[in-house]
Asker: 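My questions will all concern the structure given below.
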Amino acid sequence: MTSTLRRIIDCFSDCSGCKTCKGNARQDMLNMNQDTNCAPMLTQGVRLHIQDRYVVMDNGIIQVSLSKPGGIVTGIRYNGIDNLLEVRNKETNRGYWDLHWNEIGGKGIFDVIQGTSFRVIVENEEQVEISFTRTWNHSLEGKYIPLNIDKRFIMLRGSSGFYSYAIYEHFREWPGFELGETRITFKLRKDKFQYMAVADNRQRYMPFPDDRSNGRGVPLAYPEAVLLVNPLDQRLTGEVDDKYQYACENKDLRVHGWICFDPPVGFWQITPSDEFRSGGPLKQNLSSHVGPTTLAMFLSSHYAGKYMVPQFEAGEPWKKVFGPIFMYFNSAAYGNDPLLLWEDAKIKMRVEVQSWPYGFPASEDFLKSEQRGNANGRILIQDRYISNYCVIASGAYVGLAPPGDAGSWQMESKNYQFWTQANENGFFSIRNIRPGGYNLYAWVPGFIGDYRHEAVITIISGCNIEMGDVIYEPPRDGPTLWEIGIPDRSAAEFYVPDPDPKYINRLFVNHPDSPKNLQLCELLNMFSVIIFCSSTGRFRQYGLWERYTELYPEGDLVYKIGVSDYKNDWFFAQVVRKIGDNAYQGTTWQIKFELDTVDRNGIYKLRVALASATLAELQVRVNDPNSNRPLFTTGLIGRDNAIARHGIHGIYKLYNVDIPGTRFVKGENTIFLKQPRCNSPFQGFIFAEVSSRAKTKKTMSSPGVQLYIQDHYVVMDNGIIQVTISSPDGIVTGIQYNGIDNLLEVEDEEVHRGYWDLVWSKTGSTGTTGTFDVFKGTSFKVVVETEDQVEVSFTRTWDISLEGDVVPLNLDKRFIMLRNSPGFYSYAVFEHLEEWPPFNLPQVRIVFKLRKDKFHYMAVADNRQRFMPLPEDRLLDRGQPLATPEAVLLVNPVEPEFKGEVDDKYQYSSENRDLKVHGWISLNPPVGFWQITPSSEFRSGGPIKQNLTSHVGPYCLAIGFYLVLNDDIPHCINSVSNQMFLSAHYAGEDLVLKLNPGEPWKKVFGPVFLYLNSVSSEDNAFSLWEDAKNQMRRETQNWPYSFPASEDFPKPDQRGKVCGRLEVQERYVSYEPIPANGAYIGLAPLGDVGSWQRECKGYQFWTRADEDGNFTIDNIRTGEYNIYAWVPGFIGDYKYDVVVNITEGCDINMGDLIYEPLRNGPTLWEIGIPDRTAAEFYIPDPDPKYRQYGLWERYADLYPDGDLVFTVGISDYKNDWFFAQVNRKKEDGTYQGTTWQIKFMLRDVDHTGTYTLRLALATAHLAELQVRVNDPKSDPPLFTTGEIGHDNTIARHGIHGLYRLYNIDVAGVELVEGENIIFLTQAMNTDPLQGIMYDYIRLECPPSTSS
């Protein structure tokens, strides 16, 4: 659960915290729909007024009028607006359930469902539920659909909305029919609702319905698409309006609606579950569109065609509950930003989702939670051409749907479906399943095809079925020769052209990623500024099918394997070619590829995955485009109509085509893909992926791993790479790969190429400095030597004669090479015996220094990769040292493009949770060198500890949290890739490992994987990063490895598992526990609350809870642990006090765990978001903001005459709260501390009570925070932290370090009615880098007796 969610819920809770002022965006949301007193808010009970022709439900917040007995919503009164629905429409055309049906073989009939009988189901002060039914009998045959229909409406006390659901029932003896569509529709007032929101990046001011009429709009190729030529708002001239541009997939279609600006009111439709929708999670449906209209689609054939229309035979009984859905209304005070109503609606949506299935609907046909069951398990992938082991199906879509064939769920529309996504470890939990018989279905992004579990799964009330491991084997006959696209069931990765400027929807021009960018786009659109760019929304523009002929005027698409790039060279849809007015021609695309050898006795397999098809036919020919009979044809397929309706997918289809080896030739081959059907511009198909795989009679063999032992070197070679290691030192001196004799820097001495190192100091030493040691082995041993694997060991054994000279540890460095693996593994075992002397260990890592003449491009993350300066650029004649040795201003770099930049290795630091893969790319030849860390269990400091990655240096990477300049160490290196296992960066001495006298210790660091990859063309060199990420996912899924030989590295069956559910109990947020959505939950060694972030001796195992708070932590080493957690959006840390003992093979279910965050009273005000970072505050540079050098110096520039003053209710923390409270530089070069002020108004003060100020710090460095109230000179201060922190985050471009929480009692007598001021003084002032970053600040009222 996010912090925003917690705050928005607080808006509607009993206490709002005496907020009296309007102001920033967050405060705007706090002011929505809330009282301004600290006393509990009384709400009127629900009242039902029954009149002759109408029924009125009223709870004091909203009033809903329905026709009787028709059950049509005729009026909704809210927030001073007498009716939110279109009063100019007939009452039957305002808010209604409708359906589209036909008799078998008959014509379609549209039916606005009118009840014939009205009944009160529930009537009390807490709830009203009413029913409008229409009963069928044979006298109605042919006039009405043969269904009994029961429409229900529910209103609850204190609820700013109402619910609706319906029960459809068909008896066995009734005639058959087809049901094409059913939905609920609301048509809003066009004079009020003009701003529509469907998603964060799909919201805008909309045309009026009048703009679609003749004279103002010109119909285009189909009725739904209209070109606006004379709209009422002239700024919309030239745009296309089409309701299909706002369609959404079921999985994303949770909330949508409209905003009125005068008064600020939101009308939202919230769908808390997909179980009653047709077609599964990817089925696309309409949402809101011009009218203003909002729809809840339960069953439709959009993007699927007739395959989705359920046909009910005579003699087939059927019953289904559609809904409930929630119609939610919200409002804001005048002067507040109405667009924040969307943010509030999203949060309300999450609350409704978490409350599903509801406990209040009265129908016995709607099953409550205790009447449902659960199914859990783990899904794995077995693809022998990817891995000899099962791969975890991270992110798989897993669902229960009625029994059928593989993939049948996407056409299923009669019954219920229940879907979830597997977590990063492949675990899935499907909850609240209705009783019945189901198949388990799945599909995995990145793999073709569909999975179906053969056995029927019977769900009964209260069951909790453990499926264990289910294995999906994707279709595969041989190794991949080539592939085009990504197997993700959409064509989103392919080339989507810019639209014709005559036919645009400006929402999808420079499609924004956030509402903030939306507002920018609205501004640009006012001035007709059009910027076309790559975005996920491009495919939603009108008329893209016509662009194919313009882009390929002379001939059809030709794609060359190894040369073409599918992102730029594969059109998103194979459509027809326009050759004249209403005249079209089929198209033939070519795939050209080279074969060095051909197995003429074998069968090759072409796999074509289609994302959609519309009245199309795919014909496949090989090397002969004119053959009368194609090698393969699909015949006429598809009625998805996705091309016309701006979809990027429809119904998924997979075709597997056998190609005899005799069809291929050595050299160039061509596969021809022909779509001959050409009666309409919308005929064609959308590819999801195309791949070719070999299937041979003989098993492909590869050379085994060879080990060569020489006098001073050991060489491992598997035919792909060759790694040379000094013996017995264990220094990696050479890596030969892809024609490069050595990837490591050959100008460096061998000892400084690829090595393990550490920093240590004697016990009693302070700080993070010490003796730097590139530790060398003194003994070499072969541990494993087979054709499938080689493992070698380099050890250094300690004895008392080495005391004071060498760290008292036994060190065992290991290197592993596997058959067919384009890389090698390394790990190390550190051991300290009980009788040995104590010591400190600040740092352990592995380092590789690459050739500076080859590796110039570095990649750490998708948004942090670039060409890097050369090491020479950091030397004195080319670079100017700045405030810290690591930071150098490039004044005369070798490459002029870098002039004026700052190079600093800390700019490329990453958190442990994100630090899975990083490395370098050489362009000539195109080769990648990557360090992959498949697990963080052996790292120090938990998931958000920050560590170094790859960078340029002039110093050797003995620089961790100190500086060592050793004449034996080269001062000029280039591409550096290092893996930090243990470091004090961003934490200081708190994270230095300190072994005590008599303390034994052993730890395994790693294995990590050094991965190498290559491509044939420099043009595709940057794709090496994508491949490295995919390899990282495979390595992560295979953790823990089964091949390391050391007994100290436990295998999967030697580990244990813990699962459970974490909930948050916060009485000022909700009376019921709230699922800890997104919580970080981990097992770490025994300690105090929050001690995990300072833990460095043992192992830690972390995961994140799903949206329901469920968590699973697997592959835990045996031992004793505490369970720790922290929840984004809530302050503080959780610790489960009972020790958890992990044994081999254990599977511990912790049940429900409850975290009660610190809280004494309701919130008066708050600043920031409790997420352990300062990222939300004002940072004075563009993105990535906190990676820029020297930001601390900007404070004095921005506040030259006085320190920061923040006024609650007026100031906005995003703009008015500097990200770090730093010192002020004076003219004489010295520094002075700073005092920030928080000003706030109190209307009433409880002078006998105690208020609580909560200060959460994201980091501190040699700082002291003093707190004073209403007297800036009081001595002593009300509170002081004393000197805290050695994080050094400010200098190192971090946005957080170690988290600290201070809770300060403020006596009521310290406060006054009217304006109050809290003074926050950072008193330490000897250094420009001293200071603190705040995470979150909150002032609480005294405890309320009513709470």
Asker: So Val398 and Trp443, do their side chains get closer than 4.5 Å, heavy atoms only?
Answerer: no
Asker: Ion pair present between Asp58 and Arg47, side-chain N to carboxylate O less than 4.0 angstrom?
Answerer: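 Arg47 and Asp58: not salt-bridged.
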Asker: Taking Ser429 as the fixed residue, which of Thr420, Asn376, Asn464 is the one that meets the side-chain hydrogen bond (donor to acceptor under 3.5 Å, both in side chains) rule?
Answerer: Asn376
Asker: To check you understand the geometry: which heavy-atom pair defines the closest contact between Ile259 and Leu341, and what is its length?
Answerer: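 So the minimum-distance heavy-atom pair works out to CG2-CD1, 4.1 Å.
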Asker: To the nearest 0.5 Å, tell me how far Thr1103 OG1 sits from Asp1106 CG.
Answerer: 9.0 Å
Asker: If we only count heavy atoms from C-beta on, is the Leu66 to Met57 side-chain gap below 4.5 Å?
Answerer: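 In short, these two side chains touch, coming nearer than 4.5 Å.
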Asker: Short question: side chain of Gln284, backbone of His649 - any donor-acceptor pair under 3.5 Å?
Answerer: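 Yes; at least one donor-acceptor contact below 3.5 Å.
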Asker: Hey, does Gln421 have a side-chain heavy atom less than 4.5 Å from the side chain of Phe428?
Answerer: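 No - every pair of side-chain heavy atoms lies 4.5 Å or more apart.
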Asker: For the OG atom of Ser1070 and the CD atom of Glu1063, what is their distance to the nearest 0.5 Å?
Answerer: 10.0 Å
Asker: Do Leu282 and Asn250 touch side chain to side chain, with heavy atoms closer than 4.5 Å?
Answerer: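 Not in contact.
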Asker: Quick one: side chains of residues 453-460, donor-acceptor pairs under 3.5 Å with protein atoms, not counting sequence neighbours, listed by atom name and distance.
Answerer:
| unit_1 | atom_1 | unit_2 | atom_2 | d |
| --- | --- | --- | --- | --- |
| His453 | ND1 | Tyr451 | OH | 3.0 |
| Glu454 | OE1 | Arg452 | NH2 | 2.5 |
| Glu454 | OE2 | Arg452 | NH2 | 3.3 |

Asker: Is there a side-chain contact between Leu440 and Ile430 in this structure, where contact means two heavy atoms from C-beta onward sitting under 4.5 Å apart?
Answerer: yes
Asker: Looking only at the side chains, is there a donor atom on one of Gln354 and Trp356 sitting less than 3.5 Å from an acceptor on the other?
Answerer: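 No pair is found: no donor N or O on one side chain lies under 3.5 Å from an acceptor on the other.
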Asker: In Å, rounded to the nearest 0.5 Å, how long is the span from OG of Ser65 to CD1 of Ile76?
Answerer: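 Between Ser65 OG and Ile76 CD1, I get 9.0 Å after rounding to 0.5 Å.
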Asker: Compute whether any side-chain donor of one residue and acceptor of the other, for Glu352 and Tyr163, lie under 3.5 angstrom apart.
Answerer: yes
Asker: Quick one, Arg277 with Leu299, criterion side chain to side chain contact (heavy atoms under 4.5 Å, CB included). Give me CA distance, side-chain angles, the key distance, then yes/no.
Answerer: CA-CA 6 Å; Arg277 282 172 165 163; Leu299 190 156; over 6 Å; no
Asker: Quick check on Gln371: does its CD atom have over 12 non-hydrogen neighbours (other residues, nucleotides or ligands) under 6.0 Å away?
Answerer: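 Result for CD/Gln371: enclosed.
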Asker: So with a 6.0 Å cut-off around OH of Tyr144, is the heavy-atom count from everything else above 12?
Answerer: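 Counting other residues, nucleotides and ligands, OH of Tyr144 stays at 12 neighbours or fewer.
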Asker: Listing request: all salt bridge (Lys or Arg N to Asp or Glu O under 4.0 Å) pairs with a residue in residues 360-377, at least two apart in sequence or in separate chains.
Answerer: Glu275-Arg372, Lys319-Asp365
Asker: What is the minimum heavy-atom distance between Val1127 and Ala1079, and which atoms define it?
Answerer: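 Where Val1127 meets Ala1079 most closely, the heavy atoms are CG2-CB, 3.9 Å.
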Asker: Using modelled atom types only, decide if a donor and an acceptor are shared between the side chain of Asn59 and the backbone of Gly45 within a distance under 3.5 Å.
Answerer: no
Asker: Using the side chain to side chain contact (heavy atoms under 4.5 Å, CB included) definition, which of the options Tyr438, Tyr397, Tyr441 pairs with Trp409?
Answerer: Tyr441
Asker: Holding to side chain to side chain contact (heavy atoms under 4.5 Å, CB included), I want the full list of residues that pass it with Thr185, two or more places apart in sequence or in another chain.
Answerer: Tyr96, Asp98, Arg183, Lys187, Thr293, Leu295
Asker: Does Asn124 use its side chain to pair, donor to acceptor, with the backbone of Glu126 at less than 3.5 Å?
Answerer: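 Yes; at least one donor-acceptor contact below 3.5 Å.
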Asker: Quick one: CD1 on Ile1154 to CZ on Arg1061, what's the gap to the nearest 0.5 Å?
Answerer: 8.5 Å
Asker: For Phe329 and Phe267, I'd like to know if the aromatic rings sit close, meaning centre-to-centre distance below 6.0 Å.
Answerer: yes
Asker: Using every non-hydrogen atom in the two residues, find where Ala396 and Pro445 come nearest and quote the distance to one decimal.
Answerer: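 Shortest heavy-atom contact: CA-CD, 4.0 Å.
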Asker: Can you tell me if Asn330 and Trp268 form a side-chain donor-acceptor pair at under 3.5 Å?
Answerer: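 Per modelled atom types, Asn330 and Trp268 side chains form a pair under 3.5 Å.
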Asker: At their closest point, which heavy atom of Gly95 faces which heavy atom of Ile72, and how far apart are they?
Answerer: O-CG2, 3.4 Å
Asker: Starting at OG of Ser117, measure out to NZ of Lys68 and round the result to the nearest 0.5 Å.
Answerer: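 Taking OG in Ser117 and NZ in Lys68, the distance rounds to 9.5 Å.
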Asker: For the pair Tyr1155 (side chain) and Leu1062 (backbone), establish whether a donor and an acceptor sit closer than 3.5 Å, ignoring hydrogens and angles.
Answerer: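 Checked: no pair found.
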Asker: Any salt bridge between Arg202 and Asp252, counting N to O under 4.0 Å?
Answerer: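 Here Arg202 does not pair with Asp252 in a salt bridge, since their nearest N and O are not under 4.0 Å apart.
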Asker: Gln311 and Glu313: side-chain donor and acceptor closer than 3.5 Å?
Answerer: yes
Asker: Evaluate the side-chain proximity of Pro1157 to Val1064: yes if any heavy-atom separation is below 4.5 Å, no if none is.
Answerer: yes
Asker: Using side chain to side chain contact (heavy atoms under 4.5 Å, CB included), reason through Arg157 and Gln127 one step at a time and then give a plain yes or no.
Answerer: CA-CA 6 Å; Arg157 179 203 284 266; Gln127 174 178 345; over 6 Å; no
Asker: Quickly, which of Phe276, Tyr416, Tyr168, Tyr165 forms a ring-ring contact (aromatic ring centres under 6.0 Å, His included) with Phe322? Name it, please.
Answerer: Tyr168
Asker: In terms of heavy-atom contacts, does CZ of Arg1104 have more than 12 from other residues, nucleotides or ligands at under 6.0 Å?
Answerer: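 It does: Arg1104 CZ has more than 12 such atoms within range.
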Asker: Are any side-chain N or O atoms of Ser413 and backbone N or O atoms of Met308, one a donor and one an acceptor, separated by less than 3.5 Å?
Answerer: yes
Asker: Between Ser408 and Asp405 (side chain of the first, backbone of the second, donor and acceptor by atom type, cut-off under 3.5 Å), is there such a pair?
Answerer: yes
Asker: Taking the ring of His170 and the ring of Phe177, is the distance between their centroids below 6.0 Å?
Answerer: yes
Asker: I'd like to know whether the aromatic ring centres of Phe312 and Trp101 sit less than 6.0 Å apart in this structure.
Answerer: no
Asker: Find out whether Leu367 and Pro435 are in side-chain contact, i.e. whether some heavy atom of one side chain is under 4.5 Å from a heavy atom of the other.
Answerer: yes
Asker: Does Ala247 offer a backbone N or O that forms a donor-acceptor pair with the side chain of Asn285 under 3.5 Å?
Answerer: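 Checking the backbone N and O of Ala247 against the side chain of Asn285, no donor-acceptor pair under 3.5 Å is found.
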Asker: Do the side-chain N and O atoms of Tyr78 and Ser331 include a donor-acceptor pair separated by under 3.5 angstrom?
Answerer: yes
Asker: When you check the gap from the basic side-chain N to the acidic O, do Arg172 and Glu316 get nearer than 4.0 Å?
Answerer: no
Asker: Is it the case that the side chain of Gln269 and the backbone of Ala296 share a donor-acceptor pair, with hydrogens and angles ignored and the cut-off at 3.5 Å?
Answerer: yes
Asker: Is the backbone of Ile113 close enough, under 3.5 Å, to the side chain of Lys151 for a donor and an acceptor to pair up by distance?
Answerer: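 Confirmed, Lys151 side chain pairs with Ile113 backbone.
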Asker: Taking atom CG of Leu147 and atom NZ of Lys320, what is their separation to the nearest 0.5 Å?
Answerer: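 Answer rounded to 0.5 Å: 12.5 Å.
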Asker: Determine the minimum heavy-atom distance between Ile392 and Glu424, stating which atoms define it.
Answerer: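 Distance-wise, the nearest heavy atoms are CG2-O, 3.6 Å.
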Asker: Is there side-chain contact between Leu286 and Ser300, with heavy atoms separated by less than 4.5 Å?
Answerer: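 Counting from C-beta outward, Leu286 and Ser300 never come under 4.5 Å.
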Asker: Locate the shortest heavy-atom distance separating Gln410 from Tyr652; write the atom from each residue and the value.
Answerer: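 Closest heavy-atom pair between Gln410 and Tyr652: NE2-O, 2.9 Å.
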Asker: Side chains of Ser278 and Lys414: donor-acceptor distance under 3.5 Å anywhere?
Answerer: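 The answer is no; no qualifying pair exists.
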Asker: Is it true that Asp150 and Arg134 make a salt bridge, defined as a side-chain N closer than 4.0 Å to a carboxylate O?
Answerer: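 No, Asp150 and Arg134 are not salt-bridged.
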Asker: Between Asn148 and Glu169, does any side-chain donor sit less than 3.5 Å from a side-chain acceptor?
Answerer: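 No pair is found: no donor N or O on one side chain lies under 3.5 Å from an acceptor on the other.
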Asker: State whether Lys283 and Asp274 are salt-bridged, where the test is any N-O pair (Lys NZ or Arg NE/NH1/NH2 against Asp/Glu carboxylate O) under 4.0 Å.
Answerer: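 No, no charged N to carboxylate O under 4.0 Å.
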Asker: Answer yes or no: is there a donor N or O on one side and an acceptor on the other, between the side chain of Thr74 and the main chain of Arg94, under 3.5 Å?
Answerer: no
